[in-house]
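Here is the structure we will look at.
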Amino acid sequence: MELFTDKTIDKTRQGEAFSSEENNQHHFSRKFFIESYGCAMNFSDSEIIASILHSKGFGSTKIEEEADLIFLNTCSIREKAELTVRKRLTEFKKLKKKRPGLLVGVLGCMAERLKGKLLEEEKLVDIVVGPDAYRTLPNLIDEADSGTKAVNVLLSREETYADISPIRLNSNGVSAFVSIMRGCNNMCSFCVVPFTRGRERSRDLHSIVNECKELYNQGYKEVTLLGQNVDSYNWVDPNNGSEADFATLLENVAQISPSLRIRFSTSHPKDITDNVLFTMRKYDNICKYIHLPVQSGSTRVLQLMNRTYTREWYLAKVKRIKEIMPECAISSDIIAGFCTEEEKDHQDTLDIMRQSAYEFSYMFIYSERPGTLAAKSYNDDVDLETKKRRLAEIIEMQNKLSLESNIKDIGKTCEVLIEGNSKRSDAHWVGRNSQNKVVIFEKEPSKQFKKGDYAIVEITEYTQATLFGKVIR
Ligand code: SAM
Ligand code: SF4
């Protein structure tokens, strides 16, 4: 059981296939189909991959039957994510029989973790490419065309794809992801990311600001700056040796235009500085929302997880955020049933959730990942039933907290960036407020809006997941 409650890992987008506007403008001799799984970084990477493939004459398609190349951009974070991909691969067997030239490629974290083993285990796979090797994809396709299985899983200390202009795929035209750094140096004991995505490296500040400016000029109104650990962004200008940290980057992007909203994900609690918080406060267009994963509320478990903070330290950080920005929403990631977790530790997790009053959370059962410190050194000793029960209690707590937070919004006004028609009715708009809460409001003939506009809305009703309101202006 997993819960995804906001758009950074949108459950409804798992396995989404992409296609782009470019197809209407060019004629492509071969077509690729790409499906993405996992976190926002993977969806953003698929846009880089599409750009690389387009420049070599491949067009995208959303219809797998008409594809010459099928790619799955995969996730390894939990065992279940890998099983989903394995199952999906079996579905391409029939297609391969029908179309003998069809190539199937596995990209991303699962490719990096399993490397050549994937070719042995999944006979129908022709191409295996890790997250730092996408530039070599066209050559690997040539290799595979000639009948050789092609693999490139080299990790890099430099690759940031800074010069590649991503092709926005299935975009709503309002918000876009912009990757600002890759990899992770943190080595949390449960996590496979440092092994699949390599060392941390930050992208050239100017290329990030230029990409955001271009998006704004194309009509986008919101950018989400992406990285496993955005607060440790650190870019050294090779021309003069000057350093830019995350606060500097945020400020540079915020200054593009007051009507371009900025979000970011994810913040490791140990790295988010006062400087970042003050920069957030200074600019109205930097959304007042921080994803600050706690993982566990027990200091003993946090130590085993190698998170480098204690329960008290984390709570002090939450207090500091609220001191500087009382209106700031905070969300979290929580793992239920990590190695050695006892009932008391679990109660500490429920308590830290209550004290932090999270607006949303992503909540997971611990899943042992081969190669991690936890897999090597600790026993995965909490039985599945207990893990499930604890997760259910964590979800129940989050539901209660989300509801309490939404009740407090009644009567308040907020600025909503309109993302489009509400799914339930064309007579309503849906968008998000600065705190990343979904807001739905009725269209009124006297107030003409379009997608991408900002509306000031008074909140009149709520559910646990959504706010409803009336437009003021
Ligand atoms: N870099 C981000 C951070 O540290 O906050 C997290 C990135 S990770 C892709 C997203 C979340 O997956 C983590 O915060 C953690 O809660 C969860 N996760 C990672 N490894 C896991 C595992 N082995 N079992 C269950 N959940 C896991
Ligand atoms: Fe994984 Fe920890 Fe890095 Fe996040 S900070 S990606 S949880 S190792």
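Every number for a ligand or one of its atoms is a count from 1 in the order of the listing. This is a predicted model, so every value here is computed, not measured.
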Should the proximity of [X] to ligand 1, defined as any heavy atom under 4.0 Å, be assigned to the side chain, the backbone, both, or neither?
| X | answer |
| --- | --- |
| Cys39 | neither |
| Gln295 | side chain |
| Arg78 | side chain |
| Ile77 | both |
| Gln228 | both |
| Ile365 | backbone |
| Phe364 | side chain |

Would you check, one step at a time, whether the test salt bridge (charged side-chain N to carboxylate O under 4.0 Å, His left out) holds for Asp45 with Arg197? CA-CA 12 Å; Asp45 279 359; Arg197 291 197 158 254; 3.0 Å; yes
Which label fits Phe32 and Phe71: parallel for a plane angle under 30°, tilted from 30 to 60°, or perpendicular past 60°? tilted
Which atom names give the shortest non-hydrogen contact between Tyr37 and Asn42, and what distance separates them?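 Looking at all heavy atoms of both residues, the closest pair is O-ND2, 2.8 Å.
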May I ask which of Thr372, Leu292, Asp333 has a heavy atom nearer to atom 13 (C) of ligand 1 than the others do? Asp333
Taking both backbone and side-chain atoms into account, decide whether Cys188 has an N/O/S atom under 2.8 Å from atom 1 (Fe) of ligand 2.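 For Cys188, the answer is no, given that no N, O or S atom comes within less than 2.8 Å of atom 1 (Fe) of ligand 2.
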Short N/O distance, under 3.5 Å, between Arg307 and ligand 1? yes
Any Arg307 heavy atom less than 4.0 Å from ligand 2: yes
Distance flag, aromatic centroids of Phe246 and Phe264, threshold under 6.0 Å: yes
Which ligand 2 atoms does Cys184 reach within 4.0 Å, using its non-hydrogen atoms?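 Taking each heavy atom of Cys184 in turn, ligand 2 has 3 (Fe), 5 (S), 6 (S), 8 (S) under 4.0 Å.
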Could you tell me, atom by atom, which parts of ligand 1 come under 4.0 Å of a heavy atom of Ile335?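 Per the distance check, 15 (C), 16 (O), 26 (N), 27 (C).
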